[in-house]
Amino acid sequence: MKTVLSGIRPTGDLHLGNYIGALRNFVEMQHQYNCYFFIADFHSLTTHPTPENIQGNVRSVLAQYIACGLDPEKATIYIQSDVPEVIELYLYLNMNAYLGELERCSSFKEKIRQHPDNVNAGLLTYPTLMAADILIHKANFVPVGKDQEQHLEMARTFGNRFNRMYGEDYFPEPQAFNFGKELVKIPALNGAGKMGKSEGESSTIFLTDTPKQIEKKVKRAVTDAGPTEPNSPMSEPIANLFQLMNVVSEPDTIVFFKEKYNDCSIRYGDLKKQLAEDMIAFVNPIREKIEAVMADEKNLNRVAEMGKEKAKASAGKTIREVRELIGFKPY
Ligand code: TRP
């Protein structure tokens, strides 16, 4: 069985974009692949070296994973810092990661532009840590968005370089996992861009949002002045609202509002009211599940412990083998 691995930094609550773009698909994948889903808490130190509530944030993301249907019995769901073996692999990979290639990485360039006062070595070697995450379980596939493609490419480079250097075809080449036609973009509510942190919290529907919060956000979504000619093309903000409807509403509802748009009788207030209602119906069961999972602290601890055991078994095996390949005495 092929191995799939995915990581997420615990920088905030998960949103509809995370659910549709990734989590919903992970639920299916855990039956077909040997899956590792982990929370990259070490990675968050690269930009937040003194985290305020790292354990709380990690716990929320873990609970949200479980609530979305990730099954700790099937997949290995773990917290990166529970598996310090990854740091040892990070060290070995860093010995063969060159300053030039790390400096050329676009996420690094972007980060030093944003935070010129905190250009630390952890930030520079972010791609090596990510490569260690992937290679430590010998992952075959990594579901990644466009923004992570270069990191994945670097993981391939580091894995191949290790194999060459120590003369064994040890690490498989991790490939991007494509959900194919399942790939649906979830737009933000501000008329432009993708849902997520960068477009702001008021433009993003979090899985933890209450009906009131959803209603308020949808009500304030950006629109335009309205169609003035029949069958006129949609502006981006309006197309985005329909795109969200595609995710949460019934086909009949969508047809109904499209017709109203096309004959210019649409009232955006009605469209938003319907969208809010359908959005609430979609998110509410997930939010309730998150609350239930969060409330059962004992179970959440058990889940984390189970993930840790499974991840450590796999990571420990790799580290033993890697030590042997390099020539160290066994661990
Ligand atoms: N860099 C990823 C992100 O910001 C998070 C991440 C860390 C990751 N390690 C990983 C993703 C390994 C996939 C595989 O989204």
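Quick caveat, the model's predicted, so the values are computed rather than measured. Each ligand, and each atom within it, is numbered from 1 in the order the structure gives.
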- prompt: Would you find more than 12 non-hydrogen atoms of other residues, nucleotides or ligands less than 6.0 Å from E52 atom CD?
  reply: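 Atom CD in E52 is not crowded, with 12 or fewer foreign heavy atoms closer than 6.0 Å.
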message: Taking atom CD as the centre, does E201 end up with more than 12 heavy-atom neighbours from other residues, nucleotides or ligands that are less than 6.0 angstrom away?
response: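 Atom CD in E201 is not packed in, count stays at 12 or less.
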Mutual orientation of the aromatic rings belonging to Y126 and H43 [parallel < 30°, tilted 30-60°, perpendicular > 60°]: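 If you compare the ring of Y126 with that of H43, the planes turn out tilted.
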Closest non-hydrogen protein atom to [atom], residue and atom name please, with distance?
{"atom": "atom 3 (C) of ligand 1", "value": "Q148 NE2, 3.3 Å"}
{"atom": "atom 5 (C) of ligand 1", "value": "G7 O, 3.7 Å"}
{"atom": "atom 1 (N) of ligand 1", "value": "Y126 OH, 2.7 Å"}

task: Would you give the length of the straight line joining atom CZ of F171 to atom CD of E321, rounded to the nearest 0.5 angstrom?
output: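 Rounded to the nearest 0.5 Å, the CZ-CD separation comes out at 9.0 Å.
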task: Without swapping roles, check the side chain of Y65 against the backbone of F37 for a donor-acceptor pair under 3.5 Å.
output: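 Answer holds: no.
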field: Polar side chain donor-acceptor pair, N140 to Q175, under 3.5 angstrom
entry: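 The criterion, which ignores hydrogens and geometry beyond distance, is not satisfied for Q175 and N140.
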field: Distance-only donor-acceptor check, side chains Y33 and T3, under 3.5 Å
entry: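 Judged by distance alone, the side chains do not pair up.
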Go through ligand 1 atom by atom and flag the ones less than 4.0 Å from a non-hydrogen atom of [X].
{"X": "V142", "value": "13 (C), 14 (C)"}
{"X": "F38", "value": "9 (N), 10 (C), 12 (C)"}
{"X": "H43", "value": "7 (C), 9 (N)"}

message: When you compare ligand 1 with R9, is there at least one nitrogen or oxygen pair between them that comes in under 3.5 angstrom?
response: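 Right, the criterion is met.
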query: Does ligand 1 have a heavy atom under 4.0 Å from the side chain of I134, from its backbone, from both, or from neither?
result: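 It is the side chain that gets close, since no backbone atom is under 4.0 Å.
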message: Given V86, L5, D133, identify the one with the heavy atom nearest to atom 14 (C) of ligand 1.
response: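 The nearest heavy atom belongs to L5.
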